[in-house]
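Treat the numbers as computed from the prediction; the structure is a model and nothing was measured. Proteins come first, then strands; the chains are lettered A, B, ... in the order of their sequence lines, and each starts at number 1.
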Amino acid sequence: MNGKHISKLGLNPKAAALALNVARRQEDLGTSRRDILDALSQVKADPEAYLESDYAELARELLAQTCSQVQRQAGSALRPAPLPYAEFGSALIEPGARSQMDVAMRLPVARAGALMPDAHVGYGLPIGGVLAAENAVIPYGVGVDIGCSMQLSVFGTRPEQLPTAEALSLLRRHTRFGAGVGFERRERLDHPVLDDPAWSEQPLLRHLHDKAAEQIGTSGSGNHFVEFGTFTLQAPEEGLETGTYLALLSHSGSRGFGAQVAGHFTKLAEQRHAALDPAARKLAWLPLDSDEGAAYWQAMTLAGHYALANHQQIHARISRALNEAPLLSVRNSHNLAWKEPLEDSELIVHRKGATPAAAGQLGLIPGSMADPAYLVRGRGYAPALASASHGAGRQLGRNAARAALSKTEVADYLAQRGVTLLGGGIDEAPQAYKRIEDVMAAQSDLVDVLGEFMPKVVRMDSGGQDI
DNA sequence: ATGTTC
């Protein structure tokens, strides 16, 4: 009797090992191979009937496995109806995003949620979705670009002191864009985040360290940008006088590193939740007190720090080239999960395309390549789980935008607003986004607007179609 | 979002 005979029974490794043990014992006692295999099949079919037999050990294990499977299945069952949640700017929110949020609020681990006015359909949790879960972290509740974030630097110079040609040249020389793109070896800058001990604590992170070192200080494709613009304060704020300033605004994330972390743990979560309702497959979670959940949390946290370091380098390069230190620097992550005290316990608050907006917290909400971005201060509005939108939100999908908009229309829009664009596809056209003014009006309980940034010279990835 | 998805 050997493993080959046993493997035909279709047992998992632990049960198969027990089956092999008992089979060998029976063989030694003179039972025929055929009788042993018949007995094993019957034990598998009805373990309860064999709890007092020679096959008891295997029967107990099979029974335990069945129970934990049933338990897992029960633990994965969706609630019959979604928990209630608030949405802001209902007229701006497409039904698909609401349906996705409804599914998220049916998860057994869900405790609270909210939908921001820039909401649109994404994988799993909608973009603009906020979800508080108990002892569970959902990789697709954070999203693919873990730690995607904004940073603003306000300089003491007046905007007209930087001519457009010079701004373009600075962006060309000191920023890099696109999938797979890193800095040339001799141009790379070091950063303490690359020495974080976490890199050596998981094989996946060890493997991704070199890529992260190559790509730090760069921006990706899609909606990532670095832009010079005019920052206006109507009243003194954060140590700055009323007035108009030259400023730099960036939108970037954790690049290939974060994307690979997201992919790895999303797959793992889906495998752990084979019994999950297909409607919620992309919302598969990892228990925070499991090894996998803890590993995701560590990797996610590192990707969040890395993304902020990324912005820091973008701004440091430009700041150095301008020979000017910023008067004010503000940044925030908008794709991440946080541990926050809520409903008398600590919950895992996922913000996927949502700006943290605790009372007093500063944040940045961009409109589009040719619309204003806003410096905001959170109001800690509880029904919104102390969050706000992370931008205007798409009103046209990428394909719809490419089909509906012409290069001329986009060029006209930019010309009217005096915006110069380097790179940027039709799918990122201002007309593909909701009106940021409408989105801001829908979240006046969530944030106060402190200042307005108007883009002037914008760099994005070229994508397939340059305007 | 990412360099091409076991």
Q: What pairs meet the salt bridge (Lys or Arg N to Asp or Glu O under 4.0 Å) rule with one or both residues in residues 169-195 of chain A, with sequence neighbours excluded?
A: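 Residue pairs passing salt bridge (Lys or Arg N to Asp or Glu O under 4.0 Å), neighbours aside: A:Glu166-A:Arg173, A:Arg176-A:Glu184.
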Q: Going by salt bridge (Lys or Arg N to Asp or Glu O under 4.0 Å), name the pairs with one or both residues in residues 126-153 of chain A, residues two or more places apart or in two chains.
A: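 Salt bridge (Lys or Arg N to Asp or Glu O under 4.0 Å) check on residues 126-153 of chain A returns A:Arg111-A:Glu134.
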Q: What's A:Gly220 touching, base or sugar-phosphate or nothing? Going by heavy atoms closer than 4.0 Å.
A: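 Sugar-phosphate contact only.
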Q: Applying side-chain hydrogen bond (donor to acceptor under 3.5 Å, both in side chains), can you list everything that pairs with A:Arg379, at least two apart in sequence or on another chain?
A: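 With sequence neighbours excluded, A:Arg379 shows a side-chain hydrogen bond (donor to acceptor under 3.5 Å, both in side chains) to A:Asp448, given in chain and number order.
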Q: Categorize A:Ser221 for me: base, sugar-phosphate, or nothing, with a 4.0 angstrom heavy-atom threshold over every strand shown.
A: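 Result for A:Ser221 = sugar-phosphate.
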Q: In terms of side-chain geometry, is the basic nitrogen of A:Glu227 or A:Arg459 positioned less than 4.0 Å from the acidic oxygen of its partner?
A: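 No, no charged N to carboxylate O under 4.0 Å.
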Q: Describe the nucleic acid contact of A:Gly263 in one word from base, sugar-phosphate, nothing, applying a heavy-atom distance below 4.0 Å.
A: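 It contacts nothing in the nucleic acid.
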Q: Can you list every side chain to side chain donor-acceptor pair (under 3.5 Å) pair that touches residues 117-128 of chain A, not counting sequence neighbours?
A: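 Counting only pairs at least two positions apart or across chains, the side chain to side chain donor-acceptor pair (under 3.5 Å) contacts touching residues 117-128 of chain A are A:Asp118-A:His390.
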Q: Strictly by side chain to side chain donor-acceptor pair (under 3.5 Å), give each pair with a member in residues 210-219 of chain A just once, sequence neighbours left out.
A: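 For residues 210-219 of chain A, and leaving out neighbouring residues, the side chain to side chain donor-acceptor pair (under 3.5 Å) pairs sorted by first residue read A:Thr218-A:Arg255.
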Q: Reckon A:Lys211 touches a base, only the sugar-phosphate, or nothing at all at heavy-atom distances under 4.0 Å?
A: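 The answer is sugar-phosphate, as A:Lys211 gets under 4.0 Å only of primed atoms, P, OP1 or OP2.
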Q: Could you tell me whether A:Gln271 contacts a base, only the sugar-phosphate backbone, or nothing, with contacts defined as non-hydrogen atoms closer than 4.0 Å?
A: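 A:Gln271: no heavy atom of the nucleic acid under 4.0 Å.
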Q: How would you give the extent of chain A contacts on DNA chain B, as first and last nucleotide 5' to 3' within a 4.0 Å heavy-atom cut-off?
A: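 The protein-touched segment is B:dA1 to B:dG3.
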